[in-house]
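If you're wondering where the values come from, they're calculated on a predicted model, not measured in any experiment. Order of listing sets the numbers, starting from 1, for every ligand and every atom in it.
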Amino acid sequence: MNAKWTASLILALEVTAISQQAPVQEATLVVKPISGPALTLRARDFARLPQVKVSAKDHEGKSHEYAGVNLHDVLTQAGVPTGHDLRGKEMADFAVVEASDGYRVVFSLAELDPDVGNTQVIVAQSVDGQPLGAKEGPLRLVVPGDKRPARWVRMVTTISVMRAP
Ligand SMILES: Nc1nc2c(c(=O)[nH]1)N[C@H]1C(S)=C(S)[C@@H](COP(=O)(O)O)O[C@H]1N2
Ligand SMILES: [Mo]
């Protein structure tokens with residue numbers, strides 16, 4: 001094997017290693033309302049929503065700046081009732097946030113509503129200015145007010161809105 005060929009082989013291997021480190025995966029989120037068609041949100045849809053930044057402590061107590069959009073704004077895009085429309089039967093509605101590993105977490109619409117529980121939940125796309133890595137991204141929930149980050153769902157894929165039976 002000549003030196004030139006070896007050099008290009010090493011370069012090819014390095015390029016492969018780099019692309020495995022930082023997979024370019026577009027952030028896609030499917031939101032399924034109680035009735036009606038599912039909504040698929042992609043990067044350009046997230047870009048149109050109000051952008052939020054929060055500082056929150058991770059599992060190890062280290063502070064990070066997460067950037068993304070409010071979960072409530074995502075749900076409003078999908079037509080869930082909010083404000084004065086969130087009353088009566090809708091008070092039993094909840095959102096199931098599901099990840100690619102099957103992990104699921106529930107939030108009631110009332111706890112997320114700015115006029116009711118006003119719990120801040122962010123659908124984050126980046127941490128400390130960097131896109132989220134494969135183990136937590138491309139989308140992750142951040143719930144700064146929670147004592148334990150058990151609802152900080154990593155690798156979020158789908159949100160299904162349902163009504164308690
Ligand atoms: N997809 C997914 N998200 C998840 C979990 C999980 O098992 N799968 N575990 C949760 C729990 S119990 C905790 S404490 C935090 C841990 O976050 P970390 O792995 O970034 O430290 O992630 C939460 N998000
Ligand atoms: Mo946990």
Side-chain angles (χ1 to χ4, degrees), residues 16-34 36-80 82 86 91-114 116-165:
T16 310
I18 289 164
S19 60
Q20 277 172 357
Q21 252 174 359
V24 185
Q25 204 190 337
E26 203 203 356
T28 305
L29 178 63
V30 177
V31 187
K32 297 175 180 169
I34 292 180
L39 178 76
T40 302
L41 295 166
R42 296 196 172 80
R44 62 173 179 277
D45 306 303
F46 287 109
R48 281 196 207 106
L49 294 173
Q51 303 298 303
V52 291
K53 276 186 182 169
V54 294
S55 184
K57 283 182 177 163
D58 69 10
H59 215 191
E60 281 92 47
K62 269 182 79 182
S63 217
H64 296 283
E65 189 180 65
Y66 293 91
V69 299
N70 281 313
L71 174 58
H72 180 257
D73 289 334
V74 169
L75 292 171
T76 306
Q77 282 275 302
V80 308
T82 181
L86 183 60
M91 293 303 282
D93 291 355
F94 58 93
V96 184
V97 180
E98 193 164 347
S100 57
D101 63 350
Y103 192 66
R104 296 187 302 164
V105 161
V106 157
F107 296 89
S108 70
L109 294 191
E111 76 172 304
L112 297 174
D113 200 274
V116 190
N118 197 29
T119 301
Q120 193 184 26
V121 181
I122 288 110
V123 182
Q125 288 182 278
S126 72
V127 59
D128 302 325
Q130 297 298 317
L132 295 168
K135 282 181 187 161
E136 56 177 347
L139 298 171
R140 167 175 214 168
L141 293 193
V142 174
V143 194
D146 278 3
K147 290 190 177 168
R148 192 160 61 88
R151 299 199 291 182
W152 291 34
V153 184
R154 295 183 273 106
M155 307 173 291
V156 173
T157 56
T158 314
I159 301 176
S160 307
V161 182
M162 299 176 185
R163 181 157 302 161

### Summary
Rounded to the nearest 0.5 angstrom, the CG-OG1 distance for Asp45 and Thr40 is 9.0 Å
### Message
I'd like to check Gln77 versus Val31 (side-chain heavy atoms, cut-off strictly below 4.5 Å). Are they in contact?
### Response
no
### Message
Contact between Val143 and Gln120 at the side-chain level, heavy atoms closer than 4.5 Å - yes or no?
### Response
no
### Task
For ligand 1, would you mind listing the residues that have at least one heavy atom less than 4.0 Å away, ordered by chain and number?
His59, Ala99, Asp101, Tyr103, Arg140, Pro149, Ala150, Trp152, Val153, Arg154, Met155
### Side-chain donor/acceptor of Asn70 to backbone N/O of His72, under 3.5 Å
no
### Query
So, does Arg140 use its side chain to make a donor-acceptor pair with the main chain of Trp152 at under 3.5 Å?
yes
### Closest non-hydrogen atom pair between Ile159 and Ala95, with its separation
CG2-CB, 3.9 Å
